[in-house]
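Start at 1 with the first residue, then count along the sequence. Hydrogens, waters and symmetry mates play no part in the numbers below; they use all other heavy atoms, side chains included.
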Amino acid sequence: TRMLFVNCFETANESLKVVAEYRETMKANREEHGVCRSKEAGMEHDRSKSCSHYESYRLTAAARPPSCMQKMTQDWPSATEMHVKREMEGCLEQLNATALGWLAPLHEHYRQCKEKSSKLTESSINCTAKQSEFEHSFCTYDLKLTDTCVELSREFQQAVAMLNQT
């Protein structure tokens, strides 16, 4: 009967080594997930800042095109009336002189917002996958630990019962 207890403790040691491996995997997955979510939070901060700059800038007078553009239609360049043609040419001069002045900064703010939003989306997908890995490894660890405890409890109870019979 003494050997039953020895066997029980040997089984416990071997089983708990396996459980420890599952625990280490789970801990590593938890760490990876945590690091990923921390980076994601930083990316959200950067995205929010860039998109806020874009939203603020696009509402300023500097982001507005020259007012003559409101009159520009597909027919305007082919105008035959001299005063309409001069107005169109004046607008062309104004556009040529200011186009990069108002369009480039607006587009740059937009581009940065869009780029950071896209990177954040990719990061969120990646972190969600890491979260799933972590949750799966936690459940696997928990299940293996529970199974091991149930089995060890059963073996120990059998050993005690055999001891009580002698």
Side-chain angles (χ1 to χ4, degrees), residues 1-67 69-70 72 95 98-166:
T1 55
R2 183 175 179 330
M3 279 310 287
L4 287 174
F5 286 102
V6 170
N7 288 341
C8 185
F9 288 117
E10 286 175 357
T11 300
N13 283 334
E14 291 305 311
S15 296
L16 290 174
K17 284 179 187 176
V18 172
V19 170
E21 291 173 14
Y22 282 100
R23 183 173 187 262
E24 290 307 310
T25 298
M26 179 271 301
K27 285 171 58 178
N29 288 343
R30 178 176 46 202
E31 178 67 21
E32 276 186 45
H33 173 245
V35 168
C36 190
R37 291 296 185 193
S38 292
K39 287 180 182 177
E40 181 184 30
M43 292 175 82
E44 168 54 25
H45 175 76
D46 290 347
R47 184 214 59 82
S48 179
K49 188 176 174 183
S50 287
C51 291
S52 178
H53 285 154
Y54 166 62
E55 291 299 325
S56 295
Y57 183 81
R58 73 181 189 83
L59 299 175
T60 66
R64 291 190 195 115
S67 61
M69 279 188 68
Q70 294 174 355
M72 190 166 285
L95 281 173
T98 63
L100 292 180
W102 67 267
L103 187 57
L106 178 63
H107 184 264
E108 181 58 20
H109 285 295
Y110 162 75
R111 186 195 62 73
Q112 286 182 18
C113 174
K114 182 179 175 184
E115 180 181 300
K116 289 181 180 182
S117 294
S118 178
K119 286 182 179 180
L120 177 62
T121 299
E122 289 174 23
S123 177
S124 293
I125 291 168
N126 184 39
C127 289
T128 299
K130 288 188 182 304
Q131 181 176 348
S132 291
E133 274 183 57
F134 162 59
E135 289 171 355
H136 177 74
S137 64
F138 181 86
C139 291
T140 303
Y141 160 68
D142 183 60
L143 184 61
K144 188 66 175 171
L145 181 61
T146 300
D147 289 349
T148 299
C149 289
V150 168
E151 180 61 26
L152 292 177
S153 178
R154 186 186 60 74
E155 284 186 31
F156 186 76
Q157 288 171 0
Q158 285 177 346
V160 168
M162 298 261 314
L163 180 66
N164 289 337
Q165 287 177 357
T166 57

Q | E32 side, atom CD; N126 side, atom CG - distance, nearest 0.5 Å | A | 9.0 Å

**Q.** Qualifying residues under salt bridge (Lys or Arg N to Asp or Glu O under 4.0 Å), relative to E44, sequence neighbours excluded
**A.** R47

Q) Which pair of heavy atoms, one from S15 and one from T148, lies closest together, and at what distance? A) CB-CG2, 3.4 Å

Q: Identify, with sequence neighbours excluded, every residue that meets disulfide bond (SG atoms under 2.5 Å apart) alongside C36.
A: C127

Q. Mind checking what makes side chain to side chain contact (heavy atoms under 4.5 Å, CB included) contact with H53, not counting sequence neighbours?
A. K49, H109

Q) Hey, is OH on Y57 packed in by over 12 heavy atoms from elsewhere, all under 6.0 Å? A) yes

Q | salt bridge (Lys or Arg N to Asp or Glu O under 4.0 Å) contacts touching residues 51-61 (sequence neighbours left out) | A | E55-R58

Q) Do any N or O atoms from the side chain of T60 and from the backbone of S56 form a donor-acceptor pair under 3.5 angstrom? A) no

Q.
Under the rule for side-chain hydrogen bond (donor to acceptor under 3.5 Å, both in side chains), what residues qualify as partners of E135, not counting sequence neighbours?
A. Q131

Q: Answer whether the closest heavy-atom distance between the side chains of V19 and E14 falls below 4.5 Å.
A: no

(Q) My understanding is that only residues two or more places apart in sequence, or in another chain, count here; which of them pass side chain to side chain contact (heavy atoms under 4.5 Å, CB included) with S118? (A) E122

Q | Side-chain ion pair, E115 and R111, N-O less than 4.0 Å | A | yes

Q) With sequence neighbours excluded, what pairs up with K144 under the side-chain hydrogen bond (donor to acceptor under 3.5 Å, both in side chains) test? A) none

Q | Residues forming a side-chain hydrogen bond (donor to acceptor under 3.5 Å, both in side chains) with R30, sequence neighbours excluded | A | none

**Q.** Rounded distance [0.5 Å steps], NZ in K130 versus CD in E133
**A.** 6.0 Å

Q) Which residue pairs pass the ring pair (Phe, Tyr, Trp, His ring centres under 6.0 Å) test with at least one member in residues 130-166, sequence neighbours excluded? A) F5-F156

Q. Once you round to the nearest 0.5 Å, how far does CG of D46 lie from CD of Q112?
A. 10.5 Å

(Q) To check you understand the geometry: which heavy-atom pair defines the closest contact between K119 and M43, and what is its length? (A) O-CE, 3.4 Å

Q. Rounded to the nearest 0.5 Å, what separation is found between the SG atom of C113 and the CD atom of E108?
A. 11.5 Å

Q) Which value, rounded to the nearest 0.5 Å, describes the distance between L120 atom CG and S48 atom OG? A) 10.0 Å

Q: Report the residues that fulfil side chain to side chain contact (heavy atoms under 4.5 Å, CB included) with E10, sequence neighbours left out, ordered by chain and then residue number.
A: V6, N7

Q.
Checking S124 now: which residues fulfil side-chain hydrogen bond (donor to acceptor under 3.5 Å, both in side chains) with it, not counting sequence neighbours?
A. E40

Q: Determine which pairs satisfy disulfide (SG to SG under 2.5 Å) with at least one residue from residues 134-166, sequence neighbours left out, and list them in order.
A: none

Q: Find the distance between SG (C8) and CE (M3) and round it off to the nearest 0.5 Å.
A: 12.0 Å

